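Everything below concerns the one structure shown next.
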Protein chains: 2
Amino acid sequence: MLTPERHQLILSLLKEKEVVRIQELVDTTGASESTIRRDLSELEEQRLLKRIHGGATALQNKIEEPTILEKAVKNEQQKIAIAKYAASLVKERDSIFLDAGTTTNQMLPYLPGNIIVVTSSPDIGLQLIKRNIKTILLGGELKAATLSVVGREAIKSIGQYRFDKCFLGINGIDKHHGLTTPDPDEAYVKQLALQFSDERYVLCDSEKFSGVTFAKVADLRGITVITDDGLYEEDQQEYSKLTNLKVVKL
Amino acid sequence: MLTPERHQLILSLLKEKEVVRIQELVDTTGASESTIRRDLSELEEQRLLKRIHGGATALQNKIEEPTILEKAVKNEQQKIAIAKYAASLVKERDSIFLDAGTTTNQMLPYLPGNIIVVTSSPDIGLQLIKRNIKTILLGGELKAATLSVVGREAIKSIGQYRFDKCFLGINGIDKHHGLTTPDPDEAYVKQLALQFSDERYVLCDSEKFSGVTFAKVADLRGITVITDDGLYEEDQQEYSKLTNLKVVKL
DNA sequence: CCAAAATCATTCAAATTCATTCATTTTTCG
DNA sequence: CGAAAAATGAATGAATTTGAATGATTTTGG
């Protein structure tokens with residue numbers, strides 16, 4: 001029985017029963033106890049269940065439509081996988097820039113504690129400070145669409161810092177047009193973050209590939225694009241020539 | 001039967017019956033008396049039930065002392081009344097500074113739409129932008145205690161703006177020491193907000209009066225203190241000589 | 001008020017479950 | 001094919017949970 005099968009089985013059992021014992025899972029899957037434990041750890045990491053002594057329980061919220069949920073979950077899982085890998089790149093004492101966005105947001109639980117974060121997202125800022133992580137918020141005008149800070153003020157702010165690493169979300173990535181985003185103001189903030197950073201990472205699930213939006217942020221050279229394994233093999237090879245592509249397995 | 005299952009069972013039994021005996025729980029769960037006792041202790045710890053001799057009872061929804069509760073409600077209402085009055089001072093097309101704090105937070109629902117707000121609170125910023133109010137967030141380091149932005153960066157940011165009105169929260173107000181707040185960094189931001197504003201308002205419920213904390217923000221001259229009617233008559237008269245005191249009736 | 005009965009907190013050892021490590025097998029990819 | 005990476009299962013000792021025993025505390029019934 002393959003790993004995804006087991007995971008699926010575990011989750012569907014949980015949907016029915018609310019609680020499952022490890023021994024129960026060993027029996028029904030035929031896998032060893034070690035494997036089941038590993039499964040449970042992974043599924044917990046992905047926020048799909050909660051481990052308890054002796055087994056696991058379902059999480060509380062299960063209100064959504066199954067079809068929409070499943071798609072959302074898949075997309076969500078991709079984003080979590082990408083975010084988790086990205087967060088693993090952050091070391092103690094790093095100073096990093098965190099862009100506003102859903103994917104970067106997912107990085108927060110996995111970040112180490114002793115770092116300095118500069119962000120354009122008040123939302124992310126509030127979450128970081130609750131985790132006691134030193135946080136600097138860019139100043140400037142708040143954009144309703146993305147809940148991020150942009151404008152002249154933000155641009156001046158960001159110039160005062162230098163980053164070991166920066167992590168950007170992006171709306172489109174394309175072989176010819178590079179990285180693009182709908183809002184020129186935001187594009188500029190992202191550009192500066194890239195400029196002031198030693199290592200440059202862009203978090204981008206595979207659905208964003210070969211998409212172009214209005215404002216260009218940067219070319220693909222000199223950055224690392226972290227994505228999931230949803231790309232066609234040929235695209236993956238093509239993009240690998242243009243940029244440093246890191247594919248995260250789900 | 002795993003621990004969370006037992007806990008769930010105990011709580012659901014309590015929801016039906018209001019009281020459960022230990023022996024009853026031993027019988028239905030099959031666990032030993034020791035285990036049940038441990039369960040009850042934990043659940044009590046989590047404020048999910050109350051242990052009694054021989055078993056446990058459900059928690060009433062009126063846990064708090066009436067006096068404390070009533071006081072909290074009253075305090076809340078005072079803050080709302082103050083905030084509502086303060087918000088009524090804001091006119092269309094004003095540009096205002098909104099300080100971080102619970103009282104200023106209460107102003108948000110009552111603000112008119114067509115204004116520009118500068119704030120040091122990312123929390124307030126996020127709420128404003130959802131109401132489609134043009135919002136500028138100060139940049140700088142986030143303080144965990146007050147969830148507000150302070151520091152050199154914030155100070156430089158704020159200097160770029162001029163306000164028709166500013167609204168500050170405050171921790172202490174005293175005849176001799178004026179306005180004080182525990183954190184010197186925050187005090188400085190508040191000072192600048194006052195400096196760059198035409199009309200200066202301080203929101204301060206009556207319990208803060210005659211309180212002094214570490215860092216001085218400003219003297220009482222030249223500002224308007226908005227408070228509730230919880231002051232002694234004599235204090236009210238005294239403070240009226242020192243500052244522009246506006247008492248809001250509950 | 002007293003004594004018996006019931007209930008309780010605490011301790012300890014046994015049983016279960018757990019994380020970690022390591023060798024083996026399987027898969028992946030050049 | 002062959003090396004590297006990933007998945008697996010067994011083994012180990014650590015950590016948690018459990019139930020029984022003990023003596024202290026509270027309740028009950030006279």
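Residue numbers begin at 1 in each chain, while the letters A, B, ... track the order of the sequences. Model, not experiment: these values are computed from the prediction. Hydrogens, waters and symmetry mates play no part in the numbers below; they use all other heavy atoms, side chains included.
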When you match B:Arg37 and A:Arg21 each to their closest nucleotide on DNA chain C, which lands nearer the 5' end?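 Counting from the 5' end, the first nearest nucleotide belongs to B:Arg37.
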How large an angle, rounded to 10°, do the end axes of the helix from C:dC1-D:dG30 to C:dG30-D:dC1 enclose when each is built from five base pairs?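 It comes to 40° between the two terminal axes.
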Verify whether one side chain among [X] and [Y] offers a donor that lies under 3.5 Å from an acceptor in the other.
X	Y	answer
A:Glu153	B:Ser157	yes
A:Thr227	A:Lys246	no
B:Glu18	B:Thr57	no
A:Ser95	A:Arg162	no
A:Thr224	A:Arg200	no

Hey, could you give me each pair passing side chain to side chain donor-acceptor pair (under 3.5 Å) that has a residue in residues 83-93 of chain A? Not counting sequence neighbours.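 Of all non-adjacent pairs touching residues 83-93 of chain A, those that pass side chain to side chain donor-acceptor pair (under 3.5 Å) are A:Glu45-A:Lys84.
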Given protein heavy atoms under 4.0 Å, the one-letter contact record of nucleotides 9-30 of chain D, with B base, S sugar-phosphate only and - none, is simply BB-----SSBBB-----SS---
Covered region of DNA chain C, 5' end to 3' end, by chain A [heavy atoms, under 4.0 Å]: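 Contact span on the strand: C:dT17 to C:dC29.
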What class does the angle between the rings of A:Phe163 and A:Phe97 fall in, given that below 30° is parallel, 30 to 60° is tilted and above 60° is perpendicular?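 Plane angle between 30° and 60°, so tilted.
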Sequence neighbours left out, what passes side chain to side chain contact (heavy atoms under 4.5 Å, CB included) with A:Asp123? Give chain and number order.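 Side chain to side chain contact (heavy atoms under 4.5 Å, CB included) list for A:Asp123, sorted by chain: A:Asn105, A:Ser121, A:Gln127, B:Leu126.
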Less than 3.5 Å apart, which donor and acceptor atoms pair up between the side chains of residues 178-187 of chain A and the rest of the protein, not counting sequence neighbours?
unit_1: A:Thr180; atom_1: OG1; unit_2: A:Thr213; atom_2: N; d: 2.9
unit_1: A:Thr180; atom_1: OG1; unit_2: A:Thr213; atom_2: OG1; d: 3.4
unit_1: A:Thr181; atom_1: OG1; unit_2: A:Asn171; atom_2: OD1; d: 3.1
unit_1: A:Asp183; atom_1: OD1; unit_2: A:Asp185; atom_2: N; d: 2.7
unit_1: A:Asp183; atom_1: OD1; unit_2: A:Glu186; atom_2: N; d: 3.2
unit_1: A:Asp183; atom_1: OD2; unit_2: A:Lys143; atom_2: NZ; d: 2.9
unit_1: A:Glu186; atom_1: OE2; unit_2: A:Thr146; atom_2: OG1; d: 2.4

Charged N-O contact under 4.0 Å between A:Glu33 and A:Arg37: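 Result for this pair is yes, salt bridge flagged.
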